[in-house]
Amino acid sequence: MKYLTAILSVGVCLFACGCAERIRLFNGYNLDGWKHYTEDPGTVASQVWSVKDGILRCEGRPNSYLRTTRPFSNYKLTLEWRWPSKPTNSGILLHGSGPDRIWPDCYEAQLRSGDAGDIVIIGYERSLTVDGKTFRPEESRYLRIPRQKQPSSEKKPPQWNRYEILCRGDTIALYVNGVLQNRGTNASVSEGFIALQAEGSPIEFRNIVLEKLR
């Protein structure tokens, strides 16, 4: 009886503490929970994305993305990426919305080699405030906000890098290998799908985990 009481007490404590829900967005085996989009009608997901030994590999071409089938808000997203050979360009698309197209309205956590930690605003209706200045695309749908905090903290290929992306309310903060590289507030959109971008050479992902925040 005492043992049962102790177990119940622990359970109540965990519930009361509001422990965050953890979701493995990539299960390590297949693309369940993801949707592929490309404007090339002759391309299928398996030509761009493949899974082996718990690693999600992107061939980088043609331009396309793999996005979650459900929207998310208020979360911490962690993932690892590496360039197995020549590093080029990719990105993590946040708060995606609207019709699927290249590229959808979103905030991009940049993965272009040497620029991880930059933020790209995509969409005329999007805006973000960084270091007291509000950024909004005007002349084109794309507006890049360079890293505001530190020099590049990326590791040399083919080492694994870690992205920690904190989306709490209207705030977006990007940490690359533990270094805060960018932080924006007053995001005009704070919910949407998450996507992995194919826009260059092969890139690999693993350990894609979302922790819902309260």
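Residue numbers start at 1 and run along the sequence shown. Since the structure is predicted, the reported quantities are computational estimates derived from the model, not experimental observations.
Looking at Tyr107, its side chain does come within 3.5 Å of a backbone N or O of Ser127 through a donor-acceptor pair. Side-chain N or O atoms of Gln197 include one that pairs as donor or acceptor with a backbone N or O of Gly91 at under 3.5 Å. A donor-acceptor pair is defined here as one N or O able to donate and one able to accept, closer than 3.5 Å; no such pair exists between the side chain of Asn74 and the backbone of Arg168. Formation of a donor-acceptor pair under 3.5 Å by the Glu204 side chain with backbone atoms of Ile55 is not found in this model. Side chain of Glu211 to main chain of Lys76: no donor-acceptor pair is present (N/O by atom type, distance under 3.5 Å, no hydrogens or angles). Using a distance-only test at 3.5 Å, with no hydrogens or angles considered, a donor-acceptor pair links the side chain of Glu154 to the main chain of Asp115. Of the possible donor and acceptor atoms, one in the side chain of Ser64 sits under 3.5 Å from a partner among the backbone N and O of Pro62.
The pair Glu138-Arg136 does not count as a salt bridge, with every side-chain nitrogen at least 4.0 angstrom from each carboxylate oxygen.
We find the CG-CD1 distance between Leu94 and Ile172 to be 5.5 Å, quoted to the nearest 0.5 Å. Atom CZ in Arg70 sits 9.5 Å away from atom CD1 in Ile194 (nearest 0.5 Å). Of the inter-residue distances, the one linking His36 atom NE2 with Asp100 atom CG reads 10.5 Å to the nearest 0.5 angstrom. Atom-to-atom distance recorded for Arg144:CZ and Glu108:CD is 10.5 Å, nearest 0.5 angstrom. Residue Ile208 holds its CD1 atom at 7.5 Å from CG of Leu77, rounded to the nearest 0.5 Å. Taking CG of Asn161 as the start and OG of Ser153 as the end, the distance is 8.0 Å to the nearest 0.5 Å.
Of all non-hydrogen atoms in Pro137 and Arg126, the two that sit nearest each other are CD-O, 3.3 Å. Of all non-hydrogen atoms in Ala195 and Arg67, the two that sit nearest each other are CB-CB, 3.7 Å. Considering every non-hydrogen atom in both Ser97 and Pro104, the closest pair reads O-CB, 4.3 Å. Among all heavy-atom pairs drawn from Pro84 and Pro202, the shortest one is CD-O, 3.3 Å. Looking at every heavy atom in both residues, Leu180 comes nearest to Ala173 through CD1-CB, 4.2 Å.
With contacts defined as side-chain heavy-atom distances shorter than 4.5 Å, the pair Tyr163/Leu111 qualifies. Counting heavy atoms from C-beta on, the side chains of Gln181 and Gln150 come closer than 4.5 Å. Looking only at side-chain heavy atoms (C-beta outward), Thr38 and Ile102 stay at 4.5 Å or farther from each other. Contact check for Trp34 versus Leu196: side-chain heavy atoms found under the 4.5 Å cut-off. Using a 4.5 Å heavy-atom threshold, the side chains of Arg183 and Asp131 count as separate.
If you chain together hydrophobic residues whose side chains sit under 4.5 Å apart, Ile165 and Phe72 fall into the same group.
With no hydrogens or angles considered, a side-chain donor-acceptor pair links Thr134 and Thr129 at under 3.5 Å. For the residue pair Thr88/Ser201, the side-chain donor-acceptor check at 3.5 Å is satisfied.
By the 6.0 Å contact criterion, CZ on Arg61 is enclosed, its count of non-hydrogen atoms from other residues, nucleotides or ligands being greater than 12.
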Exercise for review: Go through the steps for Leu210 and Thr68 under the test side-chain contact (heavy atoms from CB on, under 4.5 Å), then give the verdict.
Suggested key: CA-CA 12 Å; Leu210 183 144; Thr68 58; over 6 Å; no
Exercise for review: Go through the steps to decide whether Tyr175 and Thr78 satisfy the test side-chain hydrogen bond (donor to acceptor under 3.5 Å, both in side chains), and finish with yes or no.
Suggested key: CA-CA 9 Å; Tyr175 295 80; Thr78 57; over 6 Å; no
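A side-chain contact (heavy atoms from CB on, under 4.5 Å) with Leu79 is found for one member of Asn207, Leu56, Val209, Ile92 and no other, namely Ile92.
Relative orientation of the Phe193 and Tyr65 rings is parallel, given thresholds of 30° and 60° on the angle between their planes.
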